[in-house]
Amino acid sequence: MTTRQAGPGAPTYGRILAMPEFRAIFLAQLIATLGNVIAQITLSVLVYQRSGSPLLSALTFALGFAPYLLGASLVSAVADRYPSRRVLVACEVVSCAVVAVMAVPGMPIPVLLGLLLVLGTVAPVFQGTRAASLPEVLSGAGYALGRSLLRMVSQTTQIAGFGVGGVVLIFLSPSQALLIPVAGFAASALLLRFGTRPRPARQAVASASIARASLSGVREVFAVKGLRPLLFMTWLPPMFAVAPEALAAPYAAQSGGGSTALVGLLLCAAPLGSVVGEVLSGTLLRPAQRVRWVVPVAAVMFVPLLGFALQPRPLVAAGLMFLCGLGFTYAMGLDQRTLDVVPETLRGRALTVTTAGLMVGQGVGFAAAGAAAEFLPAHVVVLSAGVAGLATLVLCGPAISTKRSAE
């Protein structure tokens with residue numbers, strides 16, 4: 001299968017964004033992510049208003065991520081068995097329909113939570129399919145830059161989405177506000193349907209059911225030579241790196257600065273750092289450097305966390321979290337490494353599993369940090385996460401470096 005080049009010469013962010021097909025994917029990501037964040041906030045408010053339960057309100061966030069493993073295990077074969085454009089559009093149409101049902105006034109809370117499980121099952125299939133289709137749009141090093149741009153738009157849109165969602169709920173009821181993500185998913189589906197090219201499936205339709213093929217594909221993914229160390233490097237470091245965000249509110253309170261503004265600053269610091277890191281890595285480093293420096297760049301996530309041993313004031317802590325965010329750009333080199341070792345016929349399932357493991361790992365990291373903070377001061381938990389993250393790199397790094405030198 002031929003791939004599209006990102007323009008003459010070395011790929012850059014500007015050349016990639018100049019491609020009409022990628023631009024459609026980019027805009028679809030922006031619109032859908034904004035709608036998804038607004039839906040999360042709105043549902044949290046709606047469930048709390050209807051139940052008065054903080055636990056049920058919090059579950060509206062947790063249930064969005066809980067089914068990722070289910071989607072990766074039982075539905076991931078869809079990503080390779082059917083044409084990418086068809087799968088992407090279908091996922092957005094399903095999401096649009098699910099949120100439209102959620103917007104019906106008086107919908108029972110158990111039904112709302114059940115529909116959230118559906119959204120969480122569809123999400124990894126959509127993300128894995130989109131990641132698997134990018135090499136068909138962007139060739140060579142352009143793939144890593146394209147993935148970087150999509151990560152950046154996700155980070156910045158999530159930050160903006162929380163603010164937009166709060167403003168929307170001032171003027172609209174939760175049921176009315178849910179119509180915004182309905183429109184967002186519909187617009188994303190149209191952009192993907194008419195803004196991207198049709199391409200054949202990467203794998204012929206087999207007699208096995210989707211669930212059986214998905215489970216078999218998961219086993220095949222873990223059997224791919226050289227892939228398991230890359231998966232562990234994708235999943236484990238972010239699991240520890242989310243500790244400062246998970247404990248932003250208790251850390252601010254324990255440091256004597258528990259205002260909402262300071263908590264918001266702590267929550268935005270790492271995502272802002274990750275966006276800056278992606279831009280710097282994408283513009284200043286050559287593709288070979290991004291691939292070669294995966295482990296050293298990943299270490300940047302954890303070295304600043306050692307500064308929490310001094311229990312810094314919230315503003316200093318925000319600076320450390322910003323520096324921590326810079327290290328998330330290690331994913332650019334890791335994306336290229338993963339693409340290089342995964343067979344094309346397995347690409348959709350492999351990237352669906354990769355995405356699901358990343359999301360579940362971060363969810364576990366949030367939960368573990370919160371549990372540890374029940375017994376230890378927040379700054380000690382963050383420091384411990386930094387040490388654990390560096391230990392993970394020491395364990396996983398040699399396998400990554402050895403594989404690279406063998407290539």
Side-chain angles (χ1 to χ4, degrees), residues 1-36 78-96 122-157 183-203 275 278-279 281-283 287 290 331-332 335-336 338-340 342-352 354-355:
M1 181 179 294
T2 58
T3 56
R4 300 280 301 271
Q5 298 293 328
T12 64
Y13 286 132
R15 289 191 178 117
I16 290 172
L17 282 172
M19 296 179 61
E21 188 171 14
F22 179 80
R23 197 158 57 240
I25 295 171
F26 181 87
L27 290 174
Q29 167 81 353
L30 190 156
I31 293 170
T33 302
L34 182 61
N36 191 52
V78 168
D80 290 316
R81 185 176 286 192
Y82 298 100
S84 295
R85 187 176 73 174
R86 188 184 305 173
V87 174
L88 293 174
V89 172
C91 286
E92 294 296 70
V93 169
V94 169
S95 298
C96 178
V122 169
V125 177
F126 177 85
Q127 294 170 13
T129 303
R130 186 189 58 204
S133 67
L134 273 185
E136 300 165 358
V137 180
L138 305 170
S139 65
Y143 168 77
L145 288 180
R147 289 267 284 175
S148 170
L149 281 167
L150 294 178
R151 277 194 299 270
M152 281 192 281
V153 76
S154 291
Q155 291 279 14
T156 53
T157 305
F185 285 123
S188 177
L190 290 173
L191 279 168
L192 293 169
R193 172 60 181 82
F194 297 104
T196 61
R197 293 169 49 195
R199 294 179 174 87
R202 285 174 290 275
Q203 186 183 57
V275 172
E278 296 270 4
V279 172
S281 180
T283 54
R290 293 195 292 266
M332 291 184 70
D335 284 341
Q336 189 62 55
T338 301
L339 182 66
D340 290 342
V342 174
E344 183 177 354
T345 56
L346 197 61
R347 186 188 295 156
R349 280 165 289 180
L351 293 176
T352 299
T354 301
T355 299

Please report the closest heavy-atom contact between [X] and [Y], naming both atoms and the distance.
X: Leu191; Y: Ala24; value: O-CB, 4.0 Å
X: Ile31; Y: Gly184; value: CG2-O, 3.4 Å
X: Gly128; Y: Thr352; value: CA-OG1, 3.4 Å
X: Ile16; Y: Leu145; value: CD1-CB, 3.3 Å
X: Gln29; Y: Val153; value: CG-CG1, 3.2 Å

Q.
Set out, in order, the CA-CA distance, both residues' side-chain angles and the distance that settles salt bridge (charged side-chain N to carboxylate O under 4.0 Å, His left out) for Arg199 and Glu21, then state yes or no.
A. CA-CA 13 Å; Arg199 294 179 174 87; Glu21 188 171 14; 2.8 Å; yes
Nearest-0.5 Å distance, [atom1] of residue [X] to [atom2] of residue [Y]:
X: Arg85; Y: Glu136; atom1: CZ; atom2: CD; result: 12.0 Å
X: Leu150; Y: Gln127; atom1: CG; atom2: CD; result: 10.5 Å
X: Ser84; Y: Ile25; atom1: OG; atom2: CD1; result: 9.5 Å

Side chains of [X] and [Y]: does their closest heavy-atom pair fall under 4.5 Å?
X: Ser281; Y: Glu278; answer: no
X: Leu351; Y: Thr338; answer: yes
X: Val94; Y: Phe126; answer: no
X: Met152; Y: Leu149; answer: yes
X: Phe22; Y: Leu134; answer: yes
X: Val87; Y: Arg130; answer: no
X: Pro135; Y: Leu339; answer: yes

Q. Side-chain donor-acceptor pair under 3.5 Å between Glu92 and Ser188, yes or no?
A. yes
Q) Do you see a donor-acceptor pair shorter than 3.5 Å between the side chains of Ser148 and Tyr13? A) yes
Q: With side chain to side chain contact (heavy atoms under 4.5 Å, CB included) as the test, would you mind laying out the steps for Arg151 and Asp335 before giving the verdict?
A: CA-CA 12 Å; Arg151 277 194 299 270; Asp335 284 341; 2.6 Å; yes
Q | Short side-chain to backbone donor-acceptor contact, Arg290 and Met332, under 3.5 Å | A | no
Q: Verify, without hydrogens or angle tests, whether Thr33 (side chain) and Leu30 (backbone) share a donor-acceptor contact under 3.5 angstrom.
A: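 Not confirmed, Thr33 side chain does not pair with Leu30 backbone.
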(Q) Would Val125 and Cys91 count as a side chain to side chain contact (heavy atoms under 4.5 Å, CB included) here? Give the steps. (A) CA-CA 8 Å; Val125 177; Cys91 286; 4.2 Å; yes
